[in-house]
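See below for the structure under consideration.
In what follows, every heavy atom counts, from backbone to side chain, and hydrogens, waters and symmetry copies are set aside. Just so we're on the same page: letters track the sequence lines, and every chain starts at 1.
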2 protein chains.
Amino acid sequence: MDNNSIFIEKLRSSGLRPTKQRLEICKLLFNRKKTFHFTINDISKMLKNKTYKKISLATIYNTVHSFKKKGYLKEISVNSDKSYFDTNTSSHHHFLDVNTNELIDLNNEDVDNIKIKKNLPGKKIKSIEVLVKIENNN
Amino acid sequence: MDNNSIFIEKLRSSGLRPTKQRLEICKLLFNRKKTFHFTINDISKMLKNKTYKKISLATIYNTVHSFKKKGYLKEISVNSDKSYFDTNTSSHHHFLDVNTNELIDLNNEDVDNIKIKKNLPGKKIKSIEVLVKIENNN
DNA sequence: ATATAATTTATAATGATTCTAAAGTAGTGT
DNA sequence: ACACTACTTTAGAATCATTATAAATTATAT
């Protein structure tokens, strides 16, 4: 059983039709040893090289958004003109290197358990995201 | 001594000429009991009402950016199509209500001291920002 | 095979932000 | 008060990411 059929299954099971375009994007995003961070522009360029037939930019946007909605991707909160996505959907945090603009994973184990002592009536916590900005040492 | 002369001093001392436009924006942003969160669009609309003469949008952008650079404003990391700014420049965190898109301050005292156990060679921590997403309780 | 609904696509539209270059203004020295 | 210079403001154009549109294509159930 190759990866493709796994992706087909995954897509079908979440109500998404396994189209050529979605499968290409799956392969690009999930056929990896390590998780990674990307912008739409990043994968748009990568897909231009990898695939014989171009995938429309609109489709890339659509696909990334539906993958996010299905929980296969997370969006990372950084103040930037573009959106960053992460194929690591487990609960974790990030370093942002302000000199290089690089995002680096920060595992939950590397951050002491965060306790929020304030709570708002009628509201519950959905997620806690920590962004640690780092810079050169000198 | 009224507030205006305080603002004039503040601007001069940071190398910014106290122009009419900058003073108007100072009054709008800093003549308040409580700190607040805003987008450029927010204060653009507010300035339209408050001031007899309109301030150009470009000037609002320029001013907010120079105030940020001088440390009078902070930019908040939220994934959004617009930038959010905060007149509270002390070290603190935020709730984001995903149902209303409202930002709410979360004081440092309300978050247990955060300890980052991982560090990267040649890099030092510049800031730690926590975003707690909250949602309706039902 | 056909019908139907989902998907893709190119392109236009939108909206936030930045750029540009000309006109206006503050601060300094005379 | 006057003139000089550098800084600032301005309107509008340009840019860039993202979303909307509406027609063409494709996946799937019957």
Side-chain angles (χ1 to χ4, degrees), chain A residues 4-5 7-28 37-48 51-70 72-73 75-85 101, chain B residues 4-5 7-28 37-48 51-70 72-73 75-85 101:
Chain A
N4 239 36
S5 41
F7 292 141
I8 291 175
E9 257 327 287
K10 203 172 171 182
L11 288 169
R12 279 228 180 80
S13 73
S14 47
L16 297 173
R17 290 184 178 174
T19 62
K20 277 196 306 293
Q21 294 86 344
R22 284 177 179 155
L23 286 170
E24 282 299 335
I25 295 174
C26 274
K27 279 194 281 186
L28 175 67
H37 306 120
F38 63 91
T39 64
I40 296 288
N41 185 46
D42 291 337
I43 61 170
S44 175
K45 277 191 284 188
M46 294 163 92
L47 287 165
K48 247 176 223 140
T51 55
Y52 62 102
K53 191 171 174 295
K54 96 174 252 247
I55 299 180
S56 159
L57 184 59
T59 300
I60 301 176
Y61 273 96
N62 289 341
T63 303
V64 166
H65 283 137
S66 41
F67 285 4
K68 182 194 168 190
K69 187 179 276 178
K70 297 300 180 184
Y72 303 145
L73 292 172
E75 195 170 358
I76 305 171
S77 292
V78 187
N79 37 32
S80 160
D81 49 335
K82 358 184 164 196
S83 280
Y84 281 83
F85 295 90
N101 261 317
Chain B
N4 238 37
S5 41
F7 292 140
I8 291 174
E9 258 327 289
K10 203 172 172 182
L11 288 169
R12 279 227 181 80
S13 72
S14 48
L16 296 174
R17 291 186 179 173
T19 62
K20 278 196 305 293
Q21 293 85 346
R22 285 178 178 154
L23 286 169
E24 282 298 335
I25 295 174
C26 274
K27 279 194 282 185
L28 175 66
H37 307 120
F38 64 90
T39 64
I40 296 287
N41 185 46
D42 291 338
I43 61 171
S44 175
K45 277 190 284 185
M46 294 164 93
L47 288 164
K48 246 176 224 142
T51 55
Y52 63 101
K53 191 171 174 297
K54 95 174 252 245
I55 299 179
S56 158
L57 185 58
T59 300
I60 301 176
Y61 272 97
N62 290 340
T63 302
V64 167
H65 282 138
S66 39
F67 284 6
K68 183 193 167 189
K69 188 179 277 178
K70 297 298 179 184
Y72 303 144
L73 292 173
E75 195 170 356
I76 305 170
S77 293
V78 187
N79 38 31
S80 160
D81 50 335
K82 359 184 163 196
S83 280
Y84 280 82
F85 295 91
N101 261 315

Expressed in angstrom and rounded to an integer, what is the separation of [X] atom [atom1] from [N] atom [atom2]?
X	N	atom1	atom2	value
B:Asn62	C:dT17	CG	C1'	11 Å
B:Lys69	D:dT8	NZ	P	11 Å
A:Ile25	C:dT8	CD1	C1'	11 Å
A:Lys53	C:dT8	NZ	P	11 Å
A:Ile55	C:dT7	CD1	P	15 Å
B:Arg22	C:dG27	CZ	P	10 Å
B:Glu24	D:dT10	CD	C1'	16 Å
B:Asn79	C:dA16	CG	P	16 Å

Gap separating the [atom1] atom of [X] from the [atom2] atom of [Y], nearest 0.5 angstrom:
X	Y	atom1	atom2	value
A:His65	A:Glu75	NE2	CD	6.0 Å
B:Phe38	B:Lys82	CZ	NZ	13.5 Å
B:Leu28	B:Met46	CG	CE	4.5 Å

Reading nucleotides 14-30 of chain D from 5' to 3' and marking B where a protein heavy atom lies under 4.0 Å of the base, S where only the sugar-phosphate is that close, and - otherwise, the string is ---SBBB------BS--

Side chains of A:Asp42 and A:Thr39: any donor to acceptor distance under 3.5 Å?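 The criterion, which ignores hydrogens and geometry beyond distance, is satisfied for A:Asp42 and A:Thr39.
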
Are B:Gln21 and C:dT25 close enough that a side-chain N or O sits under 4.0 Å from OP1 or OP2?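 For C:dT25, OP1/OP2 do not have a side-chain N/O of B:Gln21 under 4.0 Å.
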
Whether B:Ser56 contacts D:dT9 is assessed here as follows: a side-chain N or O lying under 4.0 Å from the phosphate OP1 or OP2. Is that the case?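 Answer no for this pair, as no side-chain N or O of B:Ser56 is under 4.0 Å from OP1 or OP2.
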
Do you know which two heavy atoms are closest between B:Ile60 and B:Ile25, and how far apart they sit?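 Looking at all heavy atoms of both residues, the closest pair is CA-CD1, 4.3 Å.
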
Testing the basics here: between A:Leu57 and A:Ser44, what is the closest heavy-atom pair and its distance to 0.1 Å?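 That would be CD1-OG, 4.1 Å.
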
Tell me which nucleotide among C:dA10, D:dT10, C:dT9 gets nearest to the side chain of A:Lys54.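 The closest nucleotide is C:dA10.
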
Which word best sums up how the rings of B:Phe67 and B:Tyr72 line up, parallel for under 30°, tilted for 30 to 60°, or perpendicular for over 60°?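 Correct class here is perpendicular.
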
